[in-house]
Amino acid sequence: MAATEAEADIHLDGVSKRFGDMTAVDDLTMSIPRGSFYAMLGPSGCGKTTTLRMIGGFEDPTAGKVYLGGSDVTQHPPYRRDVNTVFQSYALFPHLSVEKNVAFGLERKKVGKAEALKRAGEALELVQLSHVGKRKPAQLSGGQQQRVALARALVNRPRALLLDEPLGALDLRLRKQLQIELKRIQQDVGITFVHVTHDQEEAMSMADTIAVMNKGQIEQAGSATDLYERPRTAFVANFLGISNLIEAKVTGDQRVTTHDGAQLHAPECAGLTGDVRIGVRPEKITLLPDGEPVPDGYNALRGKVVVAAFLGVSIQYVIQAAGGEELNVFAQNTDGSEPEGLAVGREVQLVWRPEHTFVVERG
Ligand SMILES: Nc1ncnc2c1ncn2[C@@H]1O[C@H](COP(=O)(O)OP(=O)(O)OP(=O)(O)O)[C@@H](O)[C@H]1O
C-alpha cells in the first residue's frame with residue numbers, strides 16, 4: 001500500500017459487491033483519513049449502505065479488500081472490527097434505562113459494572129443527555145433516542161463510527177439541530193465518522209470530505225466547496241445544487257465557443273480539445289438588460305427571460321439561452337421591485353467571471 005493508504009483509517013481496495021446479477025458496488029477504491037468526517041452521498045440504490053456494511057463487516061465483498069488502520073480485516077466478523085454502526089432505527093432496549101442501554105456493550109465486554117456506568121455517564125455527557133440517564137427510552141423524544149444510540153456506539157471508543165442515515169427518521173427541524181450536534185461530537189471525540197446520506201445539504205453541512213456515489217462507484221470525492229465549485233461530471237454538478245450546463249467546443253487555449261457562437265473564457269479547459277460541457281452556478285451569474293456593456297474580462301451569453309419568480313430576498317430567473325439551453329439565475333432582490341429590463345420576454349445578457357466556469361465532460 002502507498003503511504004497515504006497505510007495512514008488511512010479506512011481503506012477499500014478494489015471492493016465489489018454483487019447480489020446475483022446485480023452489481024451494488026463496483027470496484028471501489030477509497031481512503032478515509034483518520035479523524036475525518038466522511039460523507040457518502042448519492043441517490044437511493046447507488047451502493048452507499050452496502051459499502052458501509054462492508055466496512056462494518058455485515059456484508060462480505062465479492063472482490064477486493066477492506067483495511068482498518070492498515071490491517072486487512074476483510075475476513076473479520078463485525079465484532080472483531082474496531083468500528084461501531086449507528087442505524088436509522090435506534091434499536092434501544094425498551095426495558096433498560098438510558099444509562100444501562102449505553103453501558104450494555106461494555107458489560108458484555110467484561111468491563112466491570114462501576115466502570116461501565118462511569119463510561120456510560122461520560123458518553124451521555126458527550127451527547128448532552130446526562131440528565132436523562134435514569135429514564136427509559138420511551139420517555140425520550142426521537143432526537144434524544146438517536147443521541148442515546150450515538151452514545152452507545154461511542155462508549156467503547158471505537159476507531160471509527162459508521163452512520164447509516166442516522167437522522168433519516170427525524171423531522172426537518174430536529175435533523176438540522178442534530179447535524180450541528182453530530183459535527184460537534186465528532187470534533188470533540190476526534191474519531192473517524194463515515195456518514196451515509198442522500199441529502200446533499202446534510203453532507204455539505206457536516207463532512208470534511210464528501211464522496212458522491214453513482215451506480216456503485218465514486219464519481220468524485222472532495223470538500224463541499226470542491227464539489228460545488230468544480231464538479232467534474234454532470235451527475236455531481238446536478239446532485240449538488242442547481243447547475244447550468246452548456247454545450248461548447250474548445251476553440252483555443254482556455255477558450256470555448258457555444259452553439260450560438262459566443263466565445264467564452266474557461267480556464268479549466270486548458271489542454272482540452274473537442275466537445276465539452278461547461279457549467280456555471282446560478283448565483284454566479286449576473287443578468288444585464290440587452291445592450292448594456294459587459295464588464296471587461298467577463299463571459300457573456302445572450303438569452304431571453306422565460307420566468308421571473310420572486311422569492312423574497314432573491315429572484316429566480318429562467319433564461320432561454322440563444323444556444324437553446326434553459327439556464328437558472330439567482331439574483332439579489334435589492335429594491336423589492338422587478339427590474340424593468342429583466343422582465344419576462346426581455347432579451348438579456350448573462351455575465352459571469354471566467355473562473356466560475358467549470359467543465360464536466362472533456363472531449
Ligand atoms: N441483500 C441484498 N440482496 C439483493 N440486492 C441488494 C441487497 N442489498 C442491497 N441490494 C441492492 O444493491 C443496490 C445498492 O443498495 P444500497 O442499499 O447499498 O444502496 P443505497 O445507496 O444505500 O440506497 P438507499 O439510500 O436507498 O439505502 C440496490 O439496487 C439494492 O437493491
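Because the structure is predicted, anything quoted here is derived from the model rather than measured. Every heavy atom of this structure was used, including side-chain atoms; hydrogens, water molecules and symmetry mates were not. All ligand and atom numbering here is 1-based and tracks the order in the structure.
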Protein neighbours of ligand 1 with a heavy atom under 4.0 Å, given by chain and number, are F19, M22, A24, P43, S44, G45, C46, G47, K48, T49, T50
Among R135, K134, R119, which one satisfies salt bridge (Lys or Arg N to Asp or Glu O under 4.0 Å) with E99?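 Of the listed options, the one satisfying the test is K134.
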With sequence neighbours left out, write down each residue that passes ring pair (Phe, Tyr, Trp, His ring centres under 6.0 Å) with F87, or none if nothing qualifies.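 Partners of F87 under the ring pair (Phe, Tyr, Trp, His ring centres under 6.0 Å) test: none.
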Go through the steps for D208 and K183 under the test salt bridge (Lys or Arg N to Asp or Glu O under 4.0 Å), then give the verdict. CA-CA 10 Å; D208 308 313; K183 177 89 186 148; 3.5 Å; yes
List the atom pairs, donor and acceptor, that lie under 3.5 Å between side-chain atoms in residues 303-330 and the rest of the protein, sequence neighbours left out.
residue, atom, partner, partner atom, Å
Q316, NE2, N328, OD1, 3.0
Q320, NE2, G324, O, 2.7
E325, OE2, E247, N, 3.1

Which residues pass the salt bridge (Lys or Arg N to Asp or Glu O under 4.0 Å) test with E201, not counting sequence neighbours? K176
Heavy-atom count check: over 12 atoms from other residues, nucleotides or ligands less than 6.0 Å from H356 NE2? yes
